[in-house]
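Encoded as structure tokens, the structure appears first; notes follow it.
All values below come from the heavy atoms of this structure, side chains included, with hydrogens, waters and symmetry mates left out.
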Amino acid sequence: MSIPSFGLGTFRLTGQAVIDSVTSALELGYRVIDTAQIYKNEAEVGEAIAKSGVPRDELFITTKIWVENYSAEKLVPSLRESLSKLRTAYVDLLLIHWPAPGNGVEPSEYMTALAEAKKLGLTRQIGISNFNIELTRQAIEVVGKGEIATNQIELSPYLQNRKLAAFLKEQGITVTSYMTLAYGKVLKDPVLSEIANKHKATVAQVALAWAMQLGYAVIPSSTKRENLASNLLARSLRLDDDDMARIATLERNGREVSPDNLAPAWD
């Protein structure tokens with residue numbers, strides 16, 4: 001089981017914007033694409049992939065099941081719809097998007113359905129997103145240790161989520177960091193700017209390289225081809241111990257996303 005360390009996110013991108021972003025990314029060499037049912041862009045992502053001519057076996061596609069499809073009778077049928085939109089027979093990774101405690105569907109039900117999707121060959125790997133430690137434990141109890149490939153969580157220099165990240169590492173679950181640039185807020189950070197200047201890099205590259213050096217996967221998004229190309233260079237940027245120590249001091253619990261009816265009690 002493995003999660004690629006670098007990919008393209010498509011959150012908040014729809015219509016022609018997402019087609020152009022995915023098209024440019026694939027032309028530049030991206031091979032990992034992250035989408036979700038609630039993004040309402042799976043069809044456009046599928047169109048861009050189909051037109052790209054990139055062979056399916058070179059791609060790693062992730063989608064996420066939305067809350068209204070968590071029940072045992074809805075999860076797999078909703079995934080089949082997603083696959084139709086994406087124009088593929090399977091996804092490489094399928095996630096439960098939010099734990100949504102109290103929505104009427106227990107983890108035992110939706111995790112069992114998620115595992116069933118894998119047994120059916122509709123996804124290669126399964127995982128979770130936005131789960132805290134306790135809910136991750138519950139998910140592991142349902143599907144077994146070693147079955148959950150990743151927990152995709154908000155994580156940035158301003159929200160370093162160390163307790164949860166340490167727990168996931170203990171369990172052999174890869175952290176996938178989304179919102180790694182904190183909606184662009186970290187781009188103006190003076191410490192990150194100094195580190196970027198030192199390495200003749202961009203602040204975005206520094207933040208992405210920081211996350212990858214900690215062993216996390218990242219999925220930044222952009223509608224601009226130049227930014228997509230620039231972000232790719234983060235893969236070869238190596239920060240030194242002093243850089244990493246300075247970034248560690250930026251933690252401020254700067255969470256950007258926490259919907260009341262979807263989010264758990266954060267660790």
Side-chain angles (χ1 to χ4, degrees), residues 1-3 7 9-11 14 18 32-46 49 56 59-154 168 171-176 178 217 219 257-264:
M1 228 173 32
S2 65
I3 301 295
T10 62
F11 175 53
T14 56
V18 76
V32 179
I33 310 291
D34 179 280
T35 183
Q37 292 177 341
I38 196 62
Y39 297 172
K40 301 195 183 306
N41 64 13
E42 289 172 317
E44 288 80 3
V45 169
I49 289 172
R56 177 64 183 92
L59 295 169
F60 188 100
I61 302 171
T62 299
T63 196
K64 310 176 197 78
I65 300 291
W66 188 240
V67 179
E68 65 192 23
N69 296 322
Y70 284 4
S71 66
E73 65 269 17
K74 288 184 178 180
L75 192 146
V76 166
S78 81
L79 172 57
R80 291 189 190 277
E81 283 186 33
S82 292
L83 295 176
S84 177
K85 291 174 183 175
L86 289 164
R87 308 189 194 188
T88 181
Y90 66 94
V91 286
D92 298 274
L93 178 63
L94 183 67
L95 308 178
I96 293 293
H97 203 152
W98 285 90
N103 79 326
V105 184
E106 293 299 315
S108 58
E109 182 171 348
Y110 59 67
M111 291 305 299
T112 298
L114 199 67
E116 178 64 17
K118 183 179 176 183
K119 284 179 190 167
L120 291 169
L122 304 177
T123 182
R124 297 282 174 86
Q125 301 183 72
I126 59 173
I128 53 182
S129 184
N130 301 298
F131 277 48
N132 64 9
I133 290 174
E134 176 53 33
L135 288 167
T136 302
R137 286 189 202 279
Q138 291 179 30
I140 293 169
E141 285 175 12
V142 178
V143 298
K145 188 159 183 176
E147 277 299 303
I148 295 174
T150 192
N151 186 1
Q152 187 177 122
I153 57 175
E154 182 185 345
L168 295 171
Q171 300 299 317
I173 298 172
T174 298
V175 170
T176 299
Y178 74 82
I219 45 171
V257 181
S258 188
D260 289 342
N261 59 333
L262 300 175

For the [atom1] atom of [X] and the [atom2] atom of [Y], what is their distance to the nearest 0.5 Å?
{"X": "Asp34", "Y": "Leu93", "atom1": "CG", "atom2": "CG", "answer": "8.0 Å"}
{"X": "Leu75", "Y": "Arg80", "atom1": "CG", "atom2": "CZ", "answer": "11.0 Å"}
{"X": "Asn151", "Y": "Asn130", "atom1": "CG", "atom2": "CG", "answer": "7.5 Å"}
{"X": "Ile96", "Y": "Leu135", "atom1": "CD1", "atom2": "CG", "answer": "12.0 Å"}
{"X": "Arg56", "Y": "Tyr90", "atom1": "CZ", "atom2": "OH", "answer": "4.0 Å"}
{"X": "Arg124", "Y": "Thr62", "atom1": "CZ", "atom2": "OG1", "answer": "12.5 Å"}

Can you name the closest pair of heavy atoms from [X] and [Y] and give their distance?
{"X": "Thr136", "Y": "Ile173", "result": "CG2-CD1, 3.9 Å"}
{"X": "Pro107", "Y": "Val142", "result": "O-CG2, 4.2 Å"}
{"X": "Pro264", "Y": "Asn132", "result": "CB-ND2, 3.6 Å"}
{"X": "Pro259", "Y": "Trp98", "result": "CD-CH2, 3.3 Å"}
{"X": "Ile148", "Y": "Val143", "result": "CG1-CG2, 3.8 Å"}
{"X": "Ser71", "Y": "Glu109", "result": "CA-OE2, 3.4 Å"}

Taking the side chain as every heavy atom from C-beta outward, state whether [X] and [Y] have any pair of such atoms under 4.5 Å apart.
{"X": "Leu95", "Y": "Ile126", "answer": "no"}
{"X": "Thr123", "Y": "Asp92", "answer": "no"}
{"X": "Ile65", "Y": "Ser78", "answer": "yes"}
{"X": "Arg87", "Y": "Ile49", "answer": "no"}

Okay, side chain of [X], backbone of [Y]: is any donor-acceptor separation there less than 3.5 Å?
{"X": "Thr150", "Y": "Thr174", "result": "yes"}
{"X": "Gln152", "Y": "Ile128", "result": "no"}
{"X": "Glu44", "Y": "Thr14", "result": "no"}

Could you go through the side chain to side chain contact (heavy atoms under 4.5 Å, CB included) check for Leu83 and Leu122 one step at a time? CA-CA 8 Å; Leu83 295 176; Leu122 304 177; 3.9 Å; yes
Within 45° cone of Phe131 ring axis and under 6.0 Å: Arg137 NZ or CZ: no
Which is it for His97 and Tyr70 under the side chain to side chain contact (heavy atoms under 4.5 Å, CB included) test, yes or no, and what are the steps along the way? CA-CA 10 Å; His97 203 152; Tyr70 284 4; 4.0 Å; yes
Worked check of side chain to side chain contact (heavy atoms under 4.5 Å, CB included) between Gln125 and Lys118: CA-CA 7 Å; Gln125 301 183 72; Lys118 183 179 176 183; 5.8 Å; no
Go through Val91 and Ser82 one step at a time and tell me if the side chain to side chain contact (heavy atoms under 4.5 Å, CB included) criterion holds. CA-CA 9 Å; Val91 286; Ser82 292; over 6 Å; no
CA sep, side-chain torsions, deciding dist, call: Asn69, Gln37, side-chain hydrogen bond (donor to acceptor under 3.5 Å, both in side chains): CA-CA 10 Å; Asn69 296 322; Gln37 292 177 341; 3.0 Å; yes
Is there a side-chain hydrogen bond (donor to acceptor under 3.5 Å, both in side chains) between Thr35 and Glu42? Walk through the geometry before answering. CA-CA 7 Å; Thr35 183; Glu42 289 172 317; 5.2 Å; no
Compute the centroid of each ring, for Phe11 and then for Tyr39, and state whether the two points are separated by less than 6.0 Å. yes
List the steps and the verdict of side-chain hydrogen bond (donor to acceptor under 3.5 Å, both in side chains) for Asn103 and Tyr110. CA-CA 12 Å; Asn103 79 326; Tyr110 59 67; over 6 Å; no
